[in-house]
2 protein chains.
Amino acid sequence: MGNLVGMVTQKPGTPAPRIDPLTLEVVELIGDVVARYYEEYEVAAGKHALTGAQARVLGLLSIEPLPMRRIAQKLKCEPSNVTGIVDRLEARGLVERRPDPADRRVKLAAPTEEGLGTARSLRESLDFAREPLAELSREERLSLRGLLRRMLGEKRAADGK
Amino acid sequence: MGNLVGMVTQKPGTPAPRIDPLTLEVVELIGDVVARYYEEYEVAAGKHALTGAQARVLGLLSIEPLPMRRIAQKLKCEPSNVTGIVDRLEARGLVERRPDPADRRVKLAAPTEEGLGTARSLRESLDFAREPLAELSREERLSLRGLLRRMLGEKRAADGK
DNA sequence: TATTGTTATACTCTATAACTATA
DNA sequence: TATAGTTATAGAGTATAACAATA
C-alpha cells in the first residue's frame, strides 16, 4: 500500500494539484505510516496464527474482560460477529466466557492464562511502535506528540464507551 | 479502535511500563491516526457503495492501468483474489480488462470513464487528508514531514515494483 | 519450463434478520 | 417491552492448489 487511493502520486500530464505539494507529501507519509502500522500488526498476529480481528480482541481482553456487546462496540462491528471471533479464540484456549453475576444475560469474555501470555508476546512483537520512535530524540517526540494531537483535534478522548 | 492491541492503555495495578510514558503516548496517537485514517477511508468508499479493497484498486488504476499481477503486488495479496475484485468493479462498469499488445498472457485492468469519475470523487471525499492538516502551519507541516520521514527510515521509496 | 490469469475450495470477517433467555 | 447473546444466511476478502493459454 502506501498509497491507498492514489491521492498523492501525480500522473505526469495531469492538471496541476489543488493542494500544495508539502501537504500532499505529508498526507503520503501518513498513508505510509498507516500502511506500515497495519502491516506490522498483521505480521505480529500471524506469528501467533491469529487473524487481525482475533489479535485485536485478545489485546482488548488482556486489559480487561468485556461483555460481548462491548467488544463489538470497540471493534465497531455487529455483535453477531463477535460470537465467531470469540468462538475461535475460545477453541484455541486463549479466551473463555464467564457469566456476569450482575446480569445473567451477559457473558464476559476473559483471557485464559495462555491468552494473557499470547497477548503479552503480541505486544512485544509490535516493534514498529518503539523501534522507529527510537530514532527520535525526546524533543522530537514531544514535537510529534503535539502535532498529532492537533491533527486529531478535540475528537480525542471521545473513544470510550 | 484507537488501541489496536492494548499496547498503550495501562491497567491500574499493572507492573510499571517498560517504555517511557511519552513514547507510549506518541504510539497511542499514531494508533489513533491509523484508526481515523482507515475509518474515513472506509466511509469514503462506502459512499460510493465500494468496499475498501475495491476503492483501493480503483484508485490504483485511476493513476495507471495495471496487469492483474501488479495489482496483487500493490495490494500485497494473492493474484487469485484480484480476479474477484476486478470482476466486481467490471460488473459495475467502473473497470475493464484490456489485452496487453506486448504479452498476450497479461490482461490490463483500466478504469472506464465512469470509473475515473468515481475515483476522482473518492479522492475528494477523503477529507481527513487535508482537513486536519489545515490546522497546521507551514512550519509545522515541515516539521511533521521531517519527523515522519525519520520514523519511516530508509524504507521509503522502496515501495514501487 | 516458466509465467499470467483463472477457477475451485475453504476460512474469516462482515452485516442483516430472526431466535432465546433474560431483564 | 427491551436487551444480550446467538444462530442462520449471504457477500466479500484472503490463501492454497490446480488449470489453460502463452511465453
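In what follows, chains carry the letters A, B, and so on, assigned in the order in which the sequence lines appear, proteins first and then strands, with residues in each chain numbered from 1. Everything quoted here is computed from the prediction, not taken from an experiment.
- Distance A/Met68 CE to C/dT22 C1': 16 Å, rounded to the nearest Å.
- One interatomic measurement links the two molecules: NZ of B/Lys76 to C1' of D/dT14, which rounds to 16 Å at whole-angstrom precision.
- Atoms CG (A/Asp87) and C1' (D/dA8) sit 14 Å apart, rounded to a whole Å.
- Side-chain N or O atoms of A/Arg145 include none that pairs as donor or acceptor with a backbone N or O of A/Glu140 at under 3.5 Å.
- The pair A/Glu90-A/Arg92 fails the salt-bridge criterion, with no side-chain N (NZ, NE, NH1 or NH2) lying under 4.0 Å from an Asp/Glu carboxylate O.
- At the phosphate of D/dG5, neither OP1 nor OP2 sits under 4.0 Å from any side-chain N or O atom of A/Arg98.
- Mapped onto DNA chain C by nearest heavy atom, B/Pro67 and A/Gly52 fall at different nucleotides, with B/Pro67 at the one closer to the 5' end.
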Given protein heavy atoms under 4.0 Å, the one-letter contact record of nucleotides 16-23 of chain D, with B base, S sugar-phosphate only and - none, is simply BB----BS

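- A/Glu78 meets the side chain to side chain contact (heavy atoms under 4.5 Å, CB included) test with A/Ser80, A/Asn81; sequence neighbours excluded.
- Each side chain to side chain donor-acceptor pair (under 3.5 Å) pair with one or both residues in residues 106-117 of chain B, not counting sequence neighbours, would appear here, but there are none.
- For A/Cys77, counting side-chain heavy atoms from C-beta on, the closest listed nucleotide (D/dG5, D/dA12, C/dA15) is C/dA15.
- If you check C/dT14, D/dG5, C/dG5 against the side chain of A/Ile85, the one that comes closest is C/dT14.
- Of the charged side-chain nitrogens involved, at least one lies within less than 4.0 Å of a carboxylate oxygen, so that B/Glu40 and B/Arg36 count as a salt-bridged pair.
- Nucleotide C/dA15 holds its P atom 13 Å from the CD atom of A/Gln73, rounded to whole Å.
- At the phosphate of C/dG5, neither OP1 nor OP2 sits under 4.0 Å from any side-chain N or O atom of B/Arg97.
- No salt bridge links A/Glu25 with B/Arg141; every basic N to acidic carboxylate O contact stays at or beyond 4.0 Å.
- If you check D/dG5, C/dG5, C/dT12 against the side chain of B/Arg69, the one that comes closest is C/dG5.
- Taking 4.0 angstrom as the limit, B/Lys107 places a side-chain polar atom (N or O) nearer than this to OP1 or OP2 of C/dT6.
- A/Leu75 places its CG atom 6 Å from the P atom of C/dT14, with the value rounded to the nearest Å.
- Side-chain contact check for B/Ser62 and B/Arg123: at least one donor-acceptor pair (N or O, by modelled atom type) lies under 3.5 Å.
- Phosphate contact (OP1/OP2 of D/dT6, side-chain N/O of A/Thr83, threshold under 4.0 Å): present.
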